[in-house]
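Down below is the structure, laid out as structure tokens.
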Amino acid sequence: MTPPLLLDQIKFLGWNSHRAALWWLAVLYRRPKFLEQSLARKPRGIAMRQGITLYFHFLPYLVVVSILLRASSLLLNHTPRTWLGLFSDVVTVVAVAIVFGIFFGVVFGVGAGFFIGNGGGIAVVIALGIASVVAISVEGRNSDGSAVEIALGIAFGAAGGTAGGIALGVTLGIAFRSVVVIAGVIDTGVATGIAFGFFIGIAGGIAEGIAFGIALGTAIGIAFGIGYLRAFYFLVHPLLIWPRARGSKYPYHPVAWDDLCPVPFRGLDRLLVAFTELRPLGGAAEVERIISSYPSQRTEALRARMILLARESKQLSTLVGLEEVARRLPQGKTTLLIQSGQIAEDMGQISSSQIRLNTISRPILRAPHAQLLVKEIESFRYRIAGFKEPLASEFRAAAIEWGKIAQGQLDEARSILGREPIRQVFRAGDPVKREQEAFVYRDAVAGRLDQQVTLAAGCPGIVLYARRRMGKTTFLTNLDGFLPPSVAIRTFSMQDAALFASMQHFVEGITRGQANDLAGLASYFSREDQRLRNEGKRLLLTIDEYEGIDKKIGDGVFPKDLLAVVRESIQQHRQIIWLFAGSHEITELRHAEWPSYLISARTIEIPFFSLDETRLLLTDPLKYAPIFQEAGDRPRFAPDLWGVNGIERIHEEAGGWPHLVQLIAETVVDSLNLRGQQFASQDLMETALNEAAISGQLVLFQLMHGESRLPGEWEYLSGFRQAEEQDPPEDEAVRRSLLRRKLIDESGGSWRLRVPLMARWLRLRG
């Protein structure tokens with residue numbers, strides 16, 4: 001607000017000063033805090049002078065109103081009563097009392113309100129202004145008047161007495177800042193008015209006795225209550241919200257321009273919503289203003305915000321945006337705000353589900369996730385049906401639109417699945433994640449591991465051995481859920497720089513920052529063992545690629561004493577099971593006497609796939625994916641997909657090597673999709689095998705050439721380019737190495753490669 005003139009610029013004379021004085025008086029009525037800020041830290045003398053100046057400019061209007069009141073009183077006093085006249089009188093009484101009371105309160109408030117800095121005091125003063133009209137109006141009524149006539153004369157008292165009272169109020173308000181405090185304790189109820197009437201009647205026989213005192217007191221009480229509560233605004237409020245909210249008319253609503261309405265306006269939320277939908281920026285700012293600085297109307301503004309946010313969420317094109325909307329939902333301790341917080345939490349969860357869905361590109365995996373999202377939204381809509389309004393109706397309507405988005409995504413995923421000949425779930429490369437990729441549970445290996453970790457006397461440690469690309473890391477990654485719930489699993493990899501950078505890094509990583517040296521490591525294991533014993537649990541501590549420890553010992557980064565700490569833990573801490581997983585036999589490690597430190601450890605070897613495991617992988621690849629256990633519709637592949645005896649051929653070509661089985665299956669599916677075929681023909685299978693040998697260049701090179709470290713070893717393997725069979729090598733070390741690397745089939749006296757795909761690679765790229 002920009003005033004025409006500042007308070008200290010207003011003079012006693014002059015049109016500009018007069019206009020500015022009326023502007024400030026209007027501000028005093030509706031925005032007293034603004035006036036209070038303008039007078040901040042001013043001396044009382046200056047404030048008194050400015051108050052008298054404002055009163056001086058108001059005085060002419062007061063005189064005119066007083067004359068009109070007196071004239072109306074005399075006229076009514078001699079008018080015959082009819083029902084129409086009675087109604088006219090009542091309307092006149094109410095209107096004049098309100099107008100005159102506001103005038104009185106504004107001027108009286110100059111002295112008794114804003115100088116005290118009390119916006120509530122202004123409301124009390126205005127209420128007293130209306131009630132004062134009642135108290136003085138009796139002068140114009142004769143003693144023979146009926147109770148109705150006395151009530152009709154409420155607004156028509158002695159104008160001179162009223163003016164004098166106003167002037168006195170200004171003076172007293174300036175001189176004694178306690179006036180509003182005293183006025184504020186006056187009860188606004190009718191009962192107080194009646195009691196006051198009895199007091200008047202008994203105390204002095206003023207007017208004509210107790211009956212008159214009761215009528216007067218009742219009228220005063222009612223008038224004060226109307227004035228203090230500003231109940232006259234409720235004549236305007238329904239016109240703006242019924243039969244529909246008129247948003248364009250909100251600037252005329254009292255809440256928009258009067259800060260002192262103490263009673264909530266029911267239905268104001270609908271008006272605020274309608275206004276915001278017409279003027280989004282202005283409406284949002286107005287809702288925020290009411291929430292921040294208008295306590296009596298705050299609940300209605302909060303309801304408006306809930307409605308607006310629900311409708312905003314209804315218009316979203318993606319469910320990811322629900323999280324941002326949810327952050328703006330109000331929360332608190334009342335039932336409505338608690339339920340609002342619950343809705344915000346649910347919206348955040350729906351948004352998170354959508355984000356997860358967006359990260360999935362394969363239709364075969366998108367469909368079940370989209371289906372779960374649809375169910376999640378349906379559950380939300382049913383769950384909030386019993387919530388308070390407007391939450392229930394607005395957010396249920398919004399959830400219907402959310403459901404359409406989710407259903408559209410589900411339909412799209414299913415449509416793509418219908419068009420896609422083969423669903424690609426096979427992956428050769430990184431460790432397989434059973435939630436979304438083809439996975440086989442190695443029952444024999446897991447069974448042996450389960451036997452060891454559940455030994456009553458404790459397990460003496462485990463060495464898990466597997467050749468490269470046999471699924472060792474995949475097995476460890478997916479152990480969760482396949483061991484008893486009482487066994488906690490922690491998996492570490494010595495390819496992680498956070499472990500192998502130094503001894504301190506290793507200890508901090510294993511202990512989760514609770515120790516940083518070997519002594520601390522030993523103490524940590526003792527504490528953990530005791531805790532696990534108390535809880536009836538065990539800890540499987542797996543170290544993948546444990547050969548890295550041996551290398552770090554050789555480099556001088558790790559001391560050999562680390563192995564002594566491990567051996568002591570294996571022997572003493574029966575609730576902790578150490579598992580070392582690697583692709584080298586323990587006797588191959590050169591920088592420490594590992595067999596002596598792990599002398600009692602059990603060795604478990606991960607074998608090649610059996611034919612049954614290959615068949616399970618190729619026909620039911622997502623059997624262990626948790627998502628399909630919840631949503632159903634788990635995809636399966638018919639054996640005919642792989643062609644006549646196709647499963648057996650893939651198993652034979654890969655030699656049961658898990659990585660190579662995945663590689664061939666992935667290539668066959670890609671070839672089927674590329675050609676648009678439903679089943680693998682002999683020609684397609686042959687082409688796919690050649691492509692697998694080429695696309696698997698790196699892994700096949702590492703298995704064949706990279707691990708050939710002995711003189712003559714690679715030369716011997718290279719001989720299989722020209723011949724399917726060879727005589728065993730003469731060098732015994734080469735012989736042992738090739739057998740240990742599981743590359744050779746030595747049946748029948750002659751040696752041949754046990755993996756035909758490796759022979760194919762040698763011919764094509766080796």
Side-chain angles (χ1 to χ4, degrees), residues 1-65 98-127 129 166-167 169-171 173-175 177 179-180 230 233 236 249-262 275 279 281-283 285-286 288-290 292-297:
M1 293 187 296
T2 304
L5 292 174
L6 299 178
L7 282 170
D8 52 8
Q9 295 175 332
I10 299 176
K11 310 299 181 183
F12 281 96
L13 298 175
W15 169 248
N16 289 337
S17 293
H18 182 69
R19 185 167 59 89
L22 295 180
W23 188 90
W24 279 104
L25 288 170
V27 169
L28 175 63
Y29 169 72
R30 62 193 186 94
R31 298 273 162 86
K33 289 185 178 180
F34 182 77
L35 190 58
E36 178 185 343
Q37 294 169 359
S38 301
L39 290 171
R41 295 185 299 275
K42 288 190 176 183
R44 179 178 297 184
I46 294 177
M48 181 180 295
R49 175 186 174 280
Q50 291 173 347
I52 294 173
T53 302
L54 293 180
Y55 174 69
F56 177 81
H57 282 281
F58 179 72
L59 189 58
Y61 298 96
L62 183 64
V63 172
V64 172
V65 171
I98 289 172
V99 173
F100 186 73
I102 290 173
F103 283 168
F104 175 91
V106 169
V107 179
F108 190 83
V110 174
F114 71 81
F115 295 131
I116 298 174
N118 187 337
I122 300 297
V124 174
V125 170
I126 292 173
I166 293 173
V170 173
T171 305
I174 294 173
R177 301 195 176 198
V179 172
V180 173
R230 301 198 175 189
Y233 287 153
V236 178
K249 305 299 182 184
Y250 171 76
Y252 301 104
H253 193 281
V255 171
W257 49 268
D258 188 344
D259 290 347
L260 300 179
C261 301
F275 176 61
R279 295 170 52 185
L281 294 179
E286 182 66 5
E288 179 60 30
R289 179 188 73 85
I290 295 173
S292 302
S293 60
Y294 215 142
S296 62
Q297 312 300 326

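This structure is a prediction, so every number in the text was calculated from the model and none was measured.
Judged by distance alone, with hydrogens and angles left aside, the side-chain atoms of Y294 form a donor-acceptor pair with the main-chain N or O of C261 at under 3.5 Å.
Taking the six-membered ring for Trp and thresholds of 30 and 60 degrees, Y250 and H253 have nearly parallel ring planes, at less than 30 degrees apart.
Annotation for K11 and S17: closest pair N-OG, 3.0 Å, computed over non-hydrogen atoms. The nearest pair of heavy atoms linking I290 to Q297 is CG2-O, 3.6 Å. For the residue pair R289 and D259, the shortest heavy atom distance occurs at NH1-OD1, 3.5 Å.
V236 is not listed as a side-chain neighbour of K249, based on a closest heavy-atom distance of 4.5 Å or more. By the 4.5 Å heavy-atom criterion applied to side chains, R279 and P251 are counted as neighbours. For the pair L5/W23, no side-chain contact is recorded, criterion being any heavy-atom separation below 4.5 Å from C-beta on.
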